[in-house]
Protein chains: 4
Amino acid sequence: MACQFRNVSSFPAPCNRLVTVTTVEAGPSRLERRKAETRREIIDAAFTCFAEQGYHATGIADIAARLGIGHGTFYRYFENKRDIVEHVIDDLVERIVATLGAENAPDAVSTLDDYRAQSERIGAGLARIFSEDPRVPQLLLSAAGIDDAMRERMLDLFAATAPLTAAYLEHGVHHGYLRADLDVESTAQAINGMILGSVLAALRDPSPERQARLSAAIRAVMYDGIAAR
Amino acid sequence: MACQFRNVSSFPAPCNRLVTVTTVEAGPSRLERRKAETRREIIDAAFTCFAEQGYHATGIADIAARLGIGHGTFYRYFENKRDIVEHVIDDLVERIVATLGAENAPDAVSTLDDYRAQSERIGAGLARIFSEDPRVPQLLLSAAGIDDAMRERMLDLFAATAPLTAAYLEHGVHHGYLRADLDVESTAQAINGMILGSVLAALRDPSPERQARLSAAIRAVMYDGIAAR
Amino acid sequence: MACQFRNVSSFPAPCNRLVTVTTVEAGPSRLERRKAETRREIIDAAFTCFAEQGYHATGIADIAARLGIGHGTFYRYFENKRDIVEHVIDDLVERIVATLGAENAPDAVSTLDDYRAQSERIGAGLARIFSEDPRVPQLLLSAAGIDDAMRERMLDLFAATAPLTAAYLEHGVHHGYLRADLDVESTAQAINGMILGSVLAALRDPSPERQARLSAAIRAVMYDGIAAR
Amino acid sequence: MACQFRNVSSFPAPCNRLVTVTTVEAGPSRLERRKAETRREIIDAAFTCFAEQGYHATGIADIAARLGIGHGTFYRYFENKRDIVEHVIDDLVERIVATLGAENAPDAVSTLDDYRAQSERIGAGLARIFSEDPRVPQLLLSAAGIDDAMRERMLDLFAATAPLTAAYLEHGVHHGYLRADLDVESTAQAINGMILGSVLAALRDPSPERQARLSAAIRAVMYDGIAAR
DNA sequence: AATGAATGAGACTTCATTCAT
DNA sequence: CATGAATGAAGTCTCATTCAT
């Protein structure tokens, strides 16, 4: 298994922000810091609401109520409902990227065994993110139903993971510990599909045992195939 | 690759129909046929609307207008908006099942080569369904965002495909052409994940070449793994 | 207690009928009889529906369904929903009048004792009508809420009973067994109010004992007043 | 004639209010007062609409339009159409109770003449309420046609007046100025029936003369009966 | 800057009535 | 003549967004 989300620049450009954070030399003022804090809190509250009740069932009033602020206040921080969900998704992706971290670079390993170990590590990391907080995949999944644009964004998100995995594969092919004839890009897509499948499976049955077995099965398919030898 | 959707009984029970089709010896009367036809047309129109604009952006009026019928007429055939989307999904699943057909039984093959051929055939069938009409996966994807129940239903749908694939694997293990130590269930899940991934990929790039490469990569991973020999 | 509803001519003129029954010398044809029969059945079914569920909660379809006829057929016998309720009320009033019958004429008695006996008889008759079939007062009561015109009609109906009671009182005054200084009209109104009150009471507690006590109390008030002697 | 509506606790419990009035030491704030004012205005507007057009013919839009507010605003103050009518009725009953006031207690009199005077006073008060604003009895009457529950409620309302009247009668019996053998409860019911009758009569002919004559006739029946001496 | 009262577009749904079969 | 499929006016209610305080 390979890594994703190395840097956010691979993803569709983040949407237009309401507030442009002007980073002056002197650093943000107290007011600016408070404002950013409130934005953060609204995003978090919205994340929870959207994930738990879904986008359409969540009202602006729900988000505001969870924070104990007036729902008019919401509109001082975000343009509209669509704007906030956009930011929630952006934030989510950023968090995922940050979690996977930089430690796992495609060029950090040079043998198949190292690769397997790395895969396992990354897989465990992903599993942690998604199964520790099932709201994450839940939100991503339900976001696809918001409208055409958001569905495209979710598909883009999934597609954007392929090059990341591909980089690992490329590295492996280059160093000779992976098949020379690999269709790197397509294989990356296939591998990411398996990961996606395990994430969806975890939504229904989040038991660690199930996750562990699935993860093992994925690695087995990857390295050994399913055919008898 | 293995088959899915052998029989519909594996899926959540279809919801209660509005119209009970009385099967008389003489066959359905003209009126009954007309009624069934209208139902069919409404389902199709709803399918198009939901797929193109999404569930929430689609009004009953849109569906009715597309057919040139009064929107009151809609309610003579379906109880409410939720009812129609349920039927649209049911219909979709049924169509997929029908397309995959009975020709591909898990016990129809006995060698690995036969199995690969069969996989290829089924893969091609699935690809045809999904890429000939991208609205199908589009709808299935966005349906997950309708509400909690529908998200569960979509996850169930995906989960329900695992045992079907598993049956093929089981058959292969039993006949010796697949690894004896396969975790059949988990491996099936992983394989179906790859298929799901390719379906999603097809939504963004529906070119046959891309599909063909993906399909080939999936089979390569399955049978040979990615490790160099 | 005194009598009401001597002849229907005291009531507001019945509304425009949909079908004008042409009484030819030869008598009604078979078809005409069948038609009248169906009208009768529709009125009865409507009566039941209106009384049980109320005017607004009753649909034309409910009435038709109760008879096992198509609801389109309804409109071949009555102009619209308003028309049928009008006929149901007319029919009800006619039935009440018929029940009270001609036997109780204001000039049939000449002593106070006779009068008391007659009152008792008529009171028992009314009680029978209203408490044997609580749907009757229920319908009359709820009809007052249909619209302005119907409320007026119900008030007219109640008002129309005063002259009937007054005729009895007049007779009594004339014959000397009732007070010479009676304000006949107003007293009649007051007496009918007591009857109305007992009818309403019967809707909540239809027990015969309660009815009997109420009836006795009314007669006691009428003949003896409430003051200690 | 006797008194009704001594205390509201005799009536069905008022339904759950939308707004909980928090009684702080400092008294209601300006906003709270404005809110209560708007509630009041909505209730009044609804009262007018219901009385003039009837419950079913009145739309929320009508009520809102009469006040010049958006119809969405209505729903900030009342849950739904049923809720508002409930409050309108509650308000009506409260107003009636308040009008009759506390001055007329059953134990405030001890002779028949006092009692007659009190009856006259209360009767005049009732007459004023009902004939000054005919919409009041109109609404109470038509409310009975809203649905089963409301009809029950109106019948309960009428029934609830009996014990109040009975208390006066009881007092009179106890003090010896009313017949010792009175069936207090039933007689109270009968008397209230007469009052109800006069209220209904006032709806058709609201002239004060008519009311005065009716009131006199009721008292005459009560104290002297109708029989010649 | 924060608030929440007001708003009205818009969605769903019902049902009396019409009319082609 | 009977039928019931079709219709659309009308009504209820929600909620994202605005704006005066």
Side-chain angles (χ1 to χ4, degrees), chain A residues 31 34-35 38 56-65 67-84, chain B residues 19 29-32 34-35 38-39 55-65 67-84, chain C residues 31 34-35 38 56-65 67-84, chain D residues 19 29-32 34-35 38-39 55-65 67-84:
Chain A
L31 253 71
R34 180 70 196 109
K35 200 161 177 106
T38 304
H56 288 288
T58 296
I60 296 299
D62 295 328
I63 299 172
L67 280 178
I69 65 174
H71 61 280
T73 308
F74 170 90
Y75 286 92
R76 304 193 66 76
Y77 290 88
F78 295 94
E79 293 204 324
N80 51 38
K81 196 177 172 182
R82 187 57 208 275
D83 189 29
I84 183 66
Chain B
V19 184
S29 74
R30 210 163 80 43
L31 257 72
E32 270 164 344
R34 180 72 196 106
K35 197 152 181 130
T38 303
R39 268 184 79 81
Y55 176 75
H56 288 288
T58 297
I60 298 300
D62 297 326
I63 300 172
L67 283 178
I69 65 174
H71 60 283
T73 306
F74 170 89
Y75 287 94
R76 292 186 56 74
Y77 290 89
F78 296 94
E79 300 218 324
N80 50 40
K81 198 176 169 183
R82 190 56 206 272
D83 190 27
I84 183 66
Chain C
L31 254 71
R34 180 69 196 109
K35 199 160 178 111
T38 303
H56 288 288
T58 297
I60 297 299
D62 296 328
I63 300 172
L67 280 179
I69 65 173
H71 61 280
T73 309
F74 170 90
Y75 286 92
R76 304 193 65 75
Y77 291 88
F78 296 94
E79 293 205 323
N80 51 39
K81 196 177 171 183
R82 187 57 208 274
D83 189 28
I84 182 67
Chain D
V19 184
S29 74
R30 210 161 81 42
L31 257 73
E32 270 164 343
R34 180 72 194 106
K35 198 152 180 131
T38 303
R39 267 184 80 81
Y55 176 75
H56 288 288
T58 297
I60 298 300
D62 296 326
I63 299 173
L67 283 178
I69 64 175
H71 60 282
T73 307
F74 170 89
Y75 287 95
R76 292 185 56 74
Y77 291 88
F78 296 94
E79 300 218 323
N80 50 40
K81 198 176 168 182
R82 189 57 202 273
D83 189 27
I84 182 67

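Numbered from 1 within each chain, the chains take letters A, B, ... in sequence-line order.
Nucleotide F:dT14 forms a Watson-Crick or G-U wobble pair with E:dA9, both donor-acceptor distances falling under 3.5 Å. Remark: E:dT14 base-pairs with F:dA9. Criterion, Watson-Crick or G-U wobble with two distances under 3.5 Å. With both pairing distances under 3.5 Å, F:dT21 is matched to E:dA2 as a Watson-Crick or G-U wobble pair.
In the interface, the side chain of D:H71 is paired with the base of F:dC13 through a donor and an acceptor atom under 3.5 Å apart.
Heavy-atom nearest nucleotides on DNA chain F were determined for B:G70 and for D:H56, and the one closer to the 5' end corresponds to B:G70. Mapped onto DNA chain F by nearest heavy atom, C:T73 and D:T73 fall at different nucleotides, with C:T73 at the one closer to the 5' end. Position along DNA chain E of the nearest nucleotide to A:F74 versus C:R82 favours A:F74 as the more 5'-ward residue.
Between B:F78 atom CZ and F:dA5 atom P there is a gap of 14 Å when expressed in whole angstrom units. If you measure from atom CZ of A:R76 to atom C1' of F:dA20, you get 13 Å, rounded to the nearest angstrom. At whole-Å resolution of the value, CG in B:N80 and P in E:dT13 are 5 Å apart. Between the NZ atom of C:K81 and the C1' atom of E:dT14 there is a distance of 11 Å, rounded to whole Å. Remark: P of E:dG4 and CZ of D:R34 are 18 Å apart, rounded to the nearest angstrom. The separation between C:I69 atom CD1 and F:dC1 atom C1' is 12 Å, rounded to whole Å. Rounded to an integer number of Å, the gap from B:I60 CD1 to F:dA10 P is 21 Å. Distance A:Y77 OH to E:dA1 P: 8 Å, rounded to the nearest Å.
Counting all heavy atoms, side chain and backbone alike, B:K81 lies closest to B:H56 at NZ-O, 3.8 Å. Counting all heavy atoms, side chain and backbone alike, A:A61 lies closest to A:H71 at CA-CB, 4.1 Å.
In this structure, A:I60 and A:Y75 have side chains that are in contact, with non-hydrogen atoms separated by less than 4.5 Å. At least one side-chain heavy atom of B:R76 sits under 4.5 Å from a side-chain heavy atom of B:K35. Between A:I84 and A:Y77, the closest side-chain pair of non-hydrogen atoms is not below 4.5 Å.
Within 4.0 Å of B:G72, counting heavy atoms only, lies at least one base atom of the nucleic acid. Within the nucleic acid shown, C:T38 has no heavy atom closer than 4.0 Å to any nucleic acid atom.
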